[in-house]
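What you see below is based on every heavy atom in this structure, not just the backbone, and it leaves out hydrogens, waters and symmetry mates. It should be emphasised that the depicted structure is a prediction, and the values quoted were computed from it without experimental measurement. Below, chain A is the first sequence line, B the second, and so on; all start at residue 1.
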Number of protein chains: 2
Amino acid sequence: MSDKNLPNQVSANTLRRLPYYLSYLKTLKNTDVSYISAPVIASELDLNEVQVRKDLAAISSVAGKPKKGFEIDVLINDIQAYIGCDVNNCGILVGAGHLGRALLAYSGFEAYGLNIIAAFDSNPAAVGKDIAGKSVYHTDALLDFCKKTPVTIGIITVPAEDAQEICDLLIKANVKAIWNFAPVKLCTPDGVIIQNENIAASLTIINKKLAEQF
Amino acid sequence: MSDKNLPNQVSANTLRRLPYYLSYLKTLKNTDVSYISAPVIASELDLNEVQVRKDLAAISSVAGKPKKGFEIDVLINDIQAYIGCDVNNCGILVGAGHLGRALLAYSGFEAYGLNIIAAFDSNPAAVGKDIAGKSVYHTDALLDFCKKTPVTIGIITVPAEDAQEICDLLIKANVKAIWNFAPVKLCTPDGVIIQNENIAASLTIINKKLAEQF
DNA sequence: GTTTTATCGATAAATTGATACTGATATAAT
DNA sequence: ATTATATCAGTATCAATTTATCGATAAAAC
């Protein structure tokens with residue numbers, strides 16, 4: 001049973017806020033304060049005080065102390081543990097275009113438990129290259145690669161029209177989760193985790209707000 | 001007055017779905033069908049039928065026809081217009097690291113009305129380079145640049161600890177919106193639009209789902 | 001031309017997430 | 001030691017979003 005004393009139904013919104021808490025708490029680590037209260041976090045991060053308390057209660061087993069707040073070090077540890085900083089998932093990336101290369105080179109994912117170990121592309125010009133110390137193989141080699149080295153997370157950075165095909169391939173390769181950067185809904189069997197990253201959506205929101213303002 | 005016959009309070013969630021509608025509708029353009037119904041879109045995109053209808057009603061002035069649905073071409077046009085594909089916003093990017101370079105090179109933003117015209121970095125090694133035809137200048141030159149060439153959108157891809165400083169600089173340079181890729185809450189005066197892009201959040205969600213499953 | 005039916009649009013219900021409120025409690029001040 | 005107070009945790013309220021229901025209607029079938 002996956003029974004913990006923490007609620008196992010934390011909303012995606014809460015999850016989204018965790019990295020912000022973490023980043024803020026880390027800025028306090030160098031200072032001399034060792035406790036932080038929910039109202040202070042809330043005002044710094046422009047959130048509601050109760051919301052902060054609920055978020056923290058959901059992911060941390062430690063209780064806050066009246067008049068002082070929460071112990072910063074403990075909070076940092078709990079958030080990191082909850083986020084999965086301690087896990088180590090192997091990932092491969094398919095589509096070594098601009099976006100793909102950037103993600104390959106980006107070093108921030110290790111802090112969130114993801115280790116991208118290789119990339120794949122069907123473009124002969126990309127195959128064989130080395131990006132940030134990671135090799136780019138031909139997509140045809142993907143299945144064999146995953147037989148030898150079990151991969152948990154597949155990252156899709158191919159154009160929208162190719163995304164489903166790559167998705168099918170990744171599922172055949174037995175990945176447990178797919179992180180999809182193409183703006184398309186992928187068809188997947190039950191049990192495979194899909195996380196859509198939607199950069200265009202943010203631009204849409206910006207455009208809308210800009211248009212509203214003027 | 002910014003009065004249209006469309007509701008001007010479309011939720012962020014709806015906005016987030018629009019790119020998916022658009023991408024799906026475009027796949028139908030090559031086929032021989034010219035009408036699409038809300039139930040079909042819903043099942044393809046794994047959404048609720050009513051939700052699809054509401055989203056479309058919010059952004060399109062055209063009515064759907066019983067037994068047929070919505071005219072695909074009209075929908076595509078309406079979504080594109082709403083998203084702001086037709087606008088042309090000038091953007092600059094600060095922080096020509098891995099992520100920054102990727103965004104510079106990524107060609108998909110034009111389709112959403114954003115044209116990144118230059119990049120800035122304080123690292124001498126990056127200054128002077130050309131990335132995807134766009135020059136990287138020193139951050140010190142940012143203010144002058146924006147005086148000559150008005151910039152609407154500032155993109156922050158610097159490390160978390162430098163983000164606020166760059167944010168202040170961009171505001172001094174009179175940008176109207178800031179697209180922030182650092183996982184920190186930025187302090188800004190009223191009137192400046194902030195859109196946070198939070199790649200770490202997605203990883204958090206994936207990790208959580210993976211942990212739940214096993 | 002009439003009937004059947006898929007889909008629409010609108011309204012209502014339910015769910016979810018955010019915010020406000022209240023009593024309890026540990027810390028700090030007197 | 002006693003009092004005052006900031007903050008916590010839990011409960012209740014409120015707002016927003018999603019989902020369900022229902023009559024109306026245009027297209028298709030007969």
Side-chain angles (χ1 to χ4, degrees), chain A residues 5-18 20-21 24-25 28 32-72 74-75 78 185 196 198 201 204-205 208, chain B residues 5-18 20-21 24-25 28 32-72 74-75 78 185 196 198 201 204-205 208:
Chain A
N5 45 357
L6 298 177
N8 57 351
Q9 267 301 45
V10 173
S11 78
N13 287 350
T14 296
L15 253 28
R16 245 180 272 281
R17 285 187 289 267
L18 293 182
Y20 290 100
Y21 294 133
Y24 171 65
L25 292 171
L28 299 176
D32 52 350
V33 295
S34 54
Y35 280 84
I36 185 83
S37 73
V40 172
I41 297 178
S43 91
E44 286 291 330
L45 266 50
D46 238 1
L47 299 170
N48 180 284
E49 162 193 344
V50 181
Q51 188 173 55
V52 172
R53 226 175 265 129
K54 290 218 155 154
D55 286 346
L56 297 183
I59 58 95
S60 171
S61 51
V62 77
K65 286 186 188 170
K67 197 99 173 165
K68 294 193 87 176
F70 300 84
E71 207 177 337
I72 293 175
V74 177
L75 275 191
D78 283 351
K185 181 83 194 180
N196 292 304
N198 185 356
T204 301
I205 294 172
K208 217 56 231 159
Chain B
N5 46 356
L6 299 178
N8 57 350
Q9 268 300 48
V10 173
S11 78
N13 286 353
T14 296
L15 251 28
R16 246 180 272 280
R17 285 187 290 267
L18 292 182
Y20 291 98
Y21 293 133
Y24 171 65
L25 292 170
L28 299 175
D32 52 350
V33 295
S34 54
Y35 280 84
I36 186 82
S37 74
V40 173
I41 297 178
S43 92
E44 286 291 329
L45 266 50
D46 239 2
L47 299 170
N48 181 283
E49 162 193 343
V50 182
Q51 188 173 56
V52 171
R53 230 175 263 129
K54 288 211 159 162
D55 285 346
L56 297 183
I59 57 96
S60 171
S61 50
V62 76
K65 286 186 189 172
K67 197 94 178 173
K68 293 193 87 177
F70 300 84
E71 206 177 337
I72 293 174
V74 177
L75 275 191
D78 284 351
K185 181 83 193 178
N196 293 303
N198 185 357
T204 302
I205 295 172
K208 216 58 230 157

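- Between A:Leu15 and B:Thr204, the shortest heavy-atom contact is CG-CG2, 3.9 Å.
- In plain terms, the two heavy atoms of A:Ile72 and A:Leu25 that are nearest each other are CG2-O, 4.0 Å.
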Original post:
Along nucleotides 19-30 of chain C, 5' to 3', which nucleotides get a B, which get an S, and which get a -, given that the test is a protein heavy-atom distance under 4.0 Å?
Top reply: BB----BSB---
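- We find that CZ of B:Arg16 is positioned 16 Å from C1' of D:dT18, with the value rounded to whole Å.
- Look at CG on B:Asn13: it is 15 Å from P on C:dT16, rounded to the nearest Å.
- As judged by a 4.0 angstrom heavy-atom cut-off over every strand, A:Arg17 is placed among residues touching the sugar-phosphate backbone only.
- The closest side-chain heavy-atom distance from B:Asp46 to A:Lys185 is below 4.5 Å.
- Of the candidates C:dG9, D:dC8, C:dC8, D:dC8 carries the atom nearest the A:Phe70 side chain, counting heavy atoms from C-beta on.
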Under 3.5 Å, which donor-acceptor pairs do the side chains of residues 36-45 of chain B form with other protein atoms, sequence neighbours left out?
residue : atom : partner : partner atom : Å
B:Ser37 : OG   : B:Val40 : N            : 3.4
B:Ser43 : OG   : B:Val40 : O            : 3.3

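- The shortest heavy-atom contact between A:Tyr21 and A:Gln51 is OH-O, 4.2 Å.
- Taking all atoms of both residues into account, the shortest heavy-atom contact from B:Tyr35 to B:Glu71 is CD2-N, 3.7 Å.
- Rounded to whole Å, atom C1' of D:dA16 lies 16 Å from atom CG of B:Leu15.
- Per the geometry, OH belonging to B:Tyr35 stands 11 Å off C1' belonging to D:dA27, to the nearest Å.
- For the pair A:Ile41 CD1 and D:dA6 C1', the computed distance is 15 Å after rounding to whole Å.
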